[in-house]
Structures are given as C-alpha cells and as structure tokens.
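The figures that follow rest on heavy atoms only: side chains count, while hydrogens, waters and symmetry mates do not. Source: prediction; values computed, not measured. All residue numbers in this chain count up from 1 along the given sequence.
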Amino acid sequence: LAWSVRVHVAGDVMAMPADRLRQAMDDDSELRELLLRVIYDAQCQSALYAACNAEHEVIQRLSKWILLLIDRIDGSTLTLTQHEIAVLLGTERTSVNTALQSLKDRGGIEISRASLTLQDRSVLERMACECYLSQRSWTQSLGLPVEPVREAIGPAGRAKGEAQAD
C-alpha cells in the first residue's frame with residue numbers, strides 16, 4: 001500500500017522504515033497502544049471533518065481549522081495561499097477570501113499574500129463551530145497531545161538518543 005503525503009505547514013518530522021516500525025510495535029506494547037490511539041484519533045477526526053463540512057458554514061470551519069493548526073505548530077503564522085486553504089476545506093477560494101476578510105475585520109487574524117497570522121484567539125474561538133472543542137476534548141481523552149511536542153525531537157528529526165543510520 002503506497003501513501004502520498006502533502007505537508008502544508010513547516011515543522012519537524014520523524015521517519016523510519018515500515019519494517020522497523022512494525023518490529024518496534026511488536027516489541028513494545030506501550031508504543032503499539034499509543035500508535036493505535038493515534039490511528040483511532042485520526043479516523044475519528046476524519047469522520048468529524050465529514051460531518052462538519054456538511055453542517056457548518058465556511059467561516060466556522062475555517063476558524064476551527066486555523067485554531068487546530070495553530071495549536072500544533074510553534075508559532076502563530078500559517079503560510080498558505082487562499083487556494084490551498086480552499087482545497088483543504090473543500091470549498092471555493094472566493095468563500096475562503098470572504099471568511100478570511102471577516103476574521104480580519106473582527107481582529108482575529110492578519111492576512112497578507114500567502115500567509116495569515118493569529119492576532120486574537122478569542123475571536124476565532126467564538127467563530128469556530130463546536131467541532132473545534134469537541135475534537136480537542138476527544139484527542140485529550142485519548143491521552144494524546146493537542147499542542148506542539150518539542151522535547152521528543154532531536155537533530156535532523158530523529159528521536160532524541162537515536163543514532164543516524166549508516
């Protein structure tokens with residue numbers, strides 16, 4: 001099974017060959033249980049996204065989406081075009097433009113070409129649909145972080161203490 005992954009936000013990443021991951025999961029029940037919770041959380045998020053897209057307005061979904069991304073990065077600026085945001089939200093670029101302008105007018109964000117910066121989190125929290133808090137609460141209930149985890153990442157994206165492969 002081949003996967004294609006597109007990264008939209010800069011940050012750290014860890015990678016390892018699938019056979020090493022499978023072996024590590026076989027050898028470590030805590031790791032296996034953690035990864036199963038991560039997979040379960042991702043599946044639940046997918047189901048919530050589908051329901052959210054069907055039920056909520058673009059500005060609500062955009063506010064939720066910005067908050068979820070900001071929660072997971074080290075900073076308050078996202079570098080994405082309106083077209084990229086529209087694709088990720090499954091809506092028209094013009095709808096994204098209108099929603100971004102509304103959030104800007106309310107003082108929640110600052111927008112410039114291909115980036116947006118969170119200015120007032122409370123504005124986005126008020127505008128976001130209930131899916132934002134629901135998703136955060138669910139992820140936390142699984143014992144998973146909802147904010148950036150920096151202490152586990154070492155140089156070159158390797159776990160701290162992991163030697164570089166020859």
Colleague: Are Thr117 and Ile109 close enough that some pair of their side-chain heavy atoms sits under 4.5 Å apart?
Modeller: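 No, their side chains stay 4.5 Å or more apart.
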
Colleague: Might you confirm whether atom CD of Gln140 has over 12 heavy atoms from other residues, nucleotides or ligands at distances under 6.0 Å?
Modeller: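 Buried by this count: over 12 neighbours within 6.0 Å.
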
Colleague: Kindly determine whether Asn53 and Leu89 satisfy side chain to side chain contact (heavy atoms under 4.5 Å, CB included), including the steps that lead there.
Modeller: CA-CA 8 Å; Asn53 285 343; Leu89 290 179; 5.5 Å; no

Colleague: If you measure from OG on Ser63 to CZ on Arg126, what distance do you get to the nearest 0.5 Å?
Modeller: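 CZ of Arg126 is found 10.5 Å from OG of Ser63.
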
Colleague: Any side-chain donor paired with an acceptor under 3.5 Å for Gln101 and Asp105?
Modeller: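 Yes, because at least one side-chain N or O of Gln101 sits under 3.5 Å from a partner of the opposite role on Asp105.
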
Colleague: Could you go through the ring-ring contact (aromatic ring centres under 6.0 Å, His included) check for Tyr49 and Trp65 one step at a time?
Modeller: CA-CA 10 Å; Tyr49 283 149; Trp65 182 81; 9.6 Å; no

Colleague: When you compare the side chains of Gln23 and Asp19, does any donor N or O come within less than 3.5 Å of an acceptor on the partner?
Modeller: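 Absent: no donor and acceptor within the cut-off.
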
Colleague: Strictly by modelled atom types, are Thr98 and Ser95 linked by a side-chain donor-acceptor pair under 3.5 Å?
Modeller: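 Side-chain D/A pair, Thr98 to Ser95: absent.
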
Colleague: Do the side chain of Arg61 and the main chain of Cys52 share a donor and acceptor less than 3.5 angstrom apart?
Modeller: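 Not a single qualifying donor-acceptor pair exists.
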
Colleague: So does Leu142 get a backbone contact from the side chain of Arg37, meaning a donor-acceptor N/O pair under 3.5 Å?
Modeller: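 Here the side-chain-to-backbone pair exists.
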
Colleague: Does a side-chain N-to-carboxylate-O contact under 4.0 Å join Arg121 and Asp71?
Modeller: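 Here Arg121 pairs with Asp71 in a salt bridge, since their nearest N and O are under 4.0 Å apart.
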
Colleague: Using a 6.0 Å cut-off, check whether atom CD of Glu57 has over 12 heavy atoms from anything other than its own residue.
Modeller: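 Count not over threshold, so no.
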
Colleague: Is any side-chain heavy atom of Ile66 closer than 4.5 Å to a side-chain heavy atom of Leu103?
Modeller: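 Touching, per the 4.5 Å side-chain cut-off.
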
Colleague: Within the side chain of Ser141, is there an N or O that forms a donor-acceptor pair under 3.5 Å with the backbone of Trp138?
Modeller: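 Judged by distance alone, yes, a pair lies under 3.5 Å.
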
Colleague: State whether the number of non-hydrogen atoms from other residues, nucleotides or ligands found under 6.0 Å of Glu125 atom CD is greater than 12.
Modeller: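 Yes, CD of Glu125 has more than 12 neighbouring heavy atoms, counting only those of other groups under 6.0 Å.
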
Colleague: Between Arg136 and Glu147, does at least one N-O distance fall below 4.0 Å, as a salt bridge requires?
Modeller: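 Yes, charged N to carboxylate O under 4.0 Å.
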
Colleague: Rounded to the nearest 0.5 Å, what's the gap from SG on Cys129 to CD1 on Ile59? Could you check?
Modeller: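 Going from the SG atom of Cys129 to the CD1 atom of Ile59 covers 11.5 Å.
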
